[in-house]
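Written out below as structure tokens is the structure these notes cover.
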Amino acid sequence: MQKRAKTAENIRILGIETSCDETSVALLTSSMIPPRRRTVGTSDVGRLVLKKHFISTQIPIHARYGGVVPEVAARTHVAELVTLLDKTLGWSKSKSKNQESKIGDTFDAVAVTYGPGLATALRVGIEAAKNLAWAYSKPLVPVNHLEGHMASAWLVPQNRKHWEYPILFLLVSGGHTELVLMKEFGKYKILGRTRDDAAGEAFDKTAKLLGLEYPGGPKLSKLAAQGNPKAFDLPRPMINDPSLDFSFSGLKTAVRQLVENTTYNSRKSTVASRQSGEEGRNEIAWDGRRGTMEDLCASIQAAIIDVLVGKTVKATLKAKPKAIAVVGGVSANPLLKEELKKALKKSCSGVKLLAPAKGLYTDNGAMIAAAGLWKYLEDSKGKSLHVVDAQPDLDL
Ligand code: KG4
Ligand code: ZN
């Protein structure tokens, strides 16, 4: 790995993401040096332009099955990726062979997610990226999806002004919940991680128990906005544990028990049947408490957020980072960001909270292009095509 960062004069990175249920392609151009050193400050903020960015979600397709079906995801990626690459590179618009060959002049490297994620889904993006790299003689830059989420915060110009290492990341996605200290790009210390379910899974699985359609996380959070978070007393697993690890399976169990034992109008029934309208809009009664569906959602959300915020504060006090970034799909949750900000102001002398821009919380090609740019600047040769393969369990 080269140690010295190169000048990033007009580098253009094509980013491809197909790790789960979003197909996405981005073209990112840069004329700056990415901050890699602790001394990096505002002067390093240069021009970074997202020239093209397309995201095609498969959520409506998988909603029919109640979750992501890997084989369906892979097949859908194939069709969508061709369309999005064409929209980005303009193959179908080129009228001659000569014009077509000029497509290679529009990007300098191909960055692609190679893990973690679903093997079959990852392979669709990887194969497409290899073909492009080979056809246009460009370097292939394999990107760790988790580094992509981290780079999503760096894409925000305001955030780059506060991009000083070490940065503490609260990485909260559908499959990961980790507290990571980034000492510089590529150098990480995992301070804590979940021992079972990820925060996104806690949202999705409890939402499913309540009869909310996949992916339930955003739906649960929307209902929660109208509810009372104190209505139901739910566990906050490991909140007082000295480690920085998480565990959310106990919360899921508590919600399952609530769903199985709750009564409406003194009649035993399920929350799901009430959701479907069979029970009318009655109150949920459980463990001596009463409340609405919205109250229950708010109570679940509060339990998850309390743990995430509590552990992030603990990690901040311990690791003393220069900034904190919350990234991954769950960072879309407005209350999480609000509560984190409040807690950091109160307990951590106002250390700055960075987050991705709206629309870039969940999986996207822009973040893969951004992390690809970081990697390209360290090693502009990229990786040999034959050594790059899907790594479904890749970690940082
Ligand atoms: O990062 P992401 O798009 O995919 C993975 O890399 O896993 O994250 C998806 C996760 C899902 O679990 C989804 O329910 C959650 O992010 N999510 C939310 C919200 N929006 C997305 N969770 C809570 N509140 C939200 N508003
Ligand atoms: Zn993700």
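Atoms within a ligand are numbered from 1 in the order they appear, just like the ligands themselves. Nothing fancy with the numbering, it's 1 onward along the sequence.
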Just need the protein heavy atom nearest to [atom], so name the residue and atom and give the distance.
| atom | answer |
| --- | --- |
| atom 13 (C) of ligand 1 | D204 OD1, 3.7 Å |
| atom 26 (N) of ligand 1 | S221 OG, 3.5 Å |
| atom 24 (N) of ligand 1 | N333 ND2, 3.1 Å |

> Are the charged groups of R193 and D395 less than 4.0 angstrom apart, N to O?
Replying inline: yes
> Is E127 salt-bridged to R123, cutoff N-O under 4.0 Å?
Replying inline: no
Decide whether an N or O pair under 3.5 Å exists between [X] and ligand 1.
| X | value |
| --- | --- |
| P334 | no |
| T362 | no |
| E201 | no |

> Does F107 have its ring centroid less than 6.0 Å away from the ring centroid of Y136?
Replying inline: yes
> Numbering the atoms of ligand 1 from 1, which are under 4.0 Å from a heavy atom of G200?
Replying inline: 12 (O)
Verify whether one side chain among [X] and [Y] offers a donor that lies under 3.5 Å from an acceptor in the other.
| X | Y | answer |
| --- | --- | --- |
| E17 | S19 | yes |
| K383 | Y114 | no |
| D295 | T292 | yes |
| Q391 | N144 | no |

Report the part of [X] (side chain from C-beta onward, or backbone N, CA, C, O) that has a heavy atom under 4.0 Å from ligand 1; answer both or neither where that applies.
| X | answer |
| --- | --- |
| D363 | both |
| H149 | side chain |
| H145 | side chain |

Atom pair [atom1] ([X]) and [atom2] ([Y]), whose distance is rounded to the nearest 0.5 Å:
| X | Y | atom1 | atom2 | value |
| --- | --- | --- | --- | --- |
| L14 | I368 | CG | CD1 | 12.0 Å |
| K222 | C297 | NZ | SG | 12.5 Å |
| K320 | S349 | NZ | OG | 9.5 Å |

>> Short of 2.8 Å from the Zn ion (ligand 2), name each protein N/O/S atom, waters not counted.
In response: H145 NE2, H149 NE2, D363 OD1
>> Would you call the rings of Y65 and H62 parallel, tilted or perpendicular, taking 30° and 60° as the class edges?
In response: tilted
>> Between L344 and T316, is the side chain to side chain contact (heavy atoms under 4.5 Å, CB included) condition met? List the steps.
In response: CA-CA 8 Å; L344 293 172; T316 307; 4.0 Å; yes
>> Yes or no: does H176 have any heavy atom under 4.0 Å from an atom of ligand 1?
In response: no
>> Against ligand 1, does G175 come closer than 4.0 Å with any heavy atom?
In response: yes
> Considering only heavy atoms, which of G174, S152, G329 lies nearest to atom 19 (C) of ligand 1?
Replying inline: G329
